Amino acid sequence: MEELHVVEALRRGDEASFASLVERYQTAMVRLALVYVGNQAVAEDVVQETWQGVVQGLDRFEGRCSLKTWIFRILGNCARTRAEREGRVVPFSSLWRAEAEPVEPSVDPSRFRATDPWRDHWTSFPRNWDELPEERLLSAETCAHVREAIASLSPVQQVITLRDVEGWTGPEVRDALGISEANQRVLLHRARSHVRRTLEQYLER
Amino acid sequence: MEISEELSCKELVELVTDYLEGALSAAGRARFEAHLADCRGCRHHLQQIRHTIRIVGTLTEETIPARAKEKLLHAFRNWKTGTA
Ligand SMILES: [Zn+2]
């Protein structure tokens, strides 16, 4: 309902509507484009191209999917085309395989017993973070460590930003990236595990 | 691996996201929860992941630089006049 008003306003060339759309999606769009093209300047370029496609294609938007889904679908097309033109192996394409991404175990293997009995069980229990003070868990310093951990993830693992920062659902990520839900879960799992390890090092030192 | 076999802690930690996303089969979920009921270490690990998700959720995306926004708005005007 409200969305159709936005679309109508955009068709009329209403700048405020466009500006609020840009504010809402631009950062996520650049991040997503980065997954495909691997370069900030090119990613921003792809996003600009996407906005143009959106604005000029508005007459073709029929409201059968949400405006957000529609925008990110156009972004995906633009980003894939650009990545191919630049000779990159496009993530999530038929040439790309989740298994080919570097894999770290979710937890350092040395944390588990190597011998029976109790092989593969904890050598010492992980700490109970419920006992940590909330001010420490959510401190600015903790957040800085988390940001750094996310920044160090591979481009495809930036799925964590869409899911856990932006609050997208699994199906939304699946549609925007054109990957299976299982694959986006694998990427999310690796990303969350990496961030947890970083937090553990920081919180328990 | 047999379905009846118990999960090890090392295996459980790899299933946490599938568990939280509701992607395990009914049998897989039962196995996961049976292990959890008996293992404080894995309960703590799962809780650590929940805290991780919560902390990540408090981050906000940096807002877009004013200059970039201005550039897009400028382009917007041209796109509209270009198609008008
Ligand atoms: Zn366990």
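Fair warning: this is a prediction, and the values are worked out from it, not measured in the lab. Naming convention: chains lettered A, B, ... in sequence-line order (proteins, then strands); numbering from 1 in each chain.
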Find out whether A/Asp120 and B/Glu11 are in side-chain contact, i.e. whether some heavy atom of one side chain is under 4.5 Å from a heavy atom of the other.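 Not in contact.
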Side-chain heavy-atom pair B/Phe76, A/Val22 within 4.5 angstrom cut-off: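 Of all side-chain heavy-atom pairs linking A/Val22 with B/Phe76, none is under 4.5 Å.
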Determine the minimum heavy-atom distance between [X] and [Y], stating which atoms define it.
| X | Y | result |
| --- | --- | --- |
| A/Val165 | B/Leu59 | CG1-O, 3.4 Å |
| B/Lys69 | A/Ala19 | CE-CB, 4.1 Å |
| A/Trp51 | B/Leu72 | CD1-CD2, 3.6 Å |
| A/Trp122 | B/Gly41 | NE1-C, 3.5 Å |
| B/Ala75 | A/Gln48 | CB-NE2, 3.7 Å |

Under 3.5 Å, side chain of B/Gln47 to main-chain N/O of A/Trp129, donor-acceptor pair present?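 No: the side chain of B/Gln47 does not pair with the backbone of A/Trp129.
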Checking B/Gln48 side chain against A/Arg127 main chain: does a donor-acceptor pair fall under 3.5 Å?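 Between the backbone of A/Arg127 and the side chain of B/Gln48 there is a qualifying donor-acceptor contact (under 3.5 Å).
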What residue, out of [options], has the most heavy-atom pairs lying under 4.5 Å from chain B?
| options | result |
| --- | --- |
| A/Ile160, A/Asp130, A/Leu199 | A/Asp130 |
| A/Leu132, A/Leu137, A/Val195 | A/Leu137 |
| A/Glu15, A/His121, A/Gln26, A/Gln52 | A/Gln52 |

State which residue, out of A/Arg185, A/Arg163, A/Arg174, fulfils the salt bridge (charged side-chain N to carboxylate O under 4.0 Å, His left out) condition with B/Glu21.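 That would be A/Arg163; it is the only one of A/Arg185, A/Arg163, A/Arg174 passing the salt bridge (charged side-chain N to carboxylate O under 4.0 Å, His left out) with B/Glu21.
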Quick check for you: to the nearest 0.5 Å, what is the distance between B/Thr17 atom OG1 and A/Gln184 atom CD?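 Here the rounded value is 9.5 Å.
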B/His74 versus chain A, the contacting section by heavy-atom distance below 4.5 Å: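 For B/His74, neither part sits under 4.5 Å from chain A.
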Which bit of B/Cys42 comes within less than 4.5 Å of chain A, counting heavy atoms only: side chain, backbone, both or neither?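 Looking at B/Cys42, backbone and side chain both touch chain A.
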So B/His44 and A/Phe125, would you call those rings parallel, tilted or perpendicular, with 30° and 60° as cut-offs?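 It falls in the perpendicular class, over 60°.
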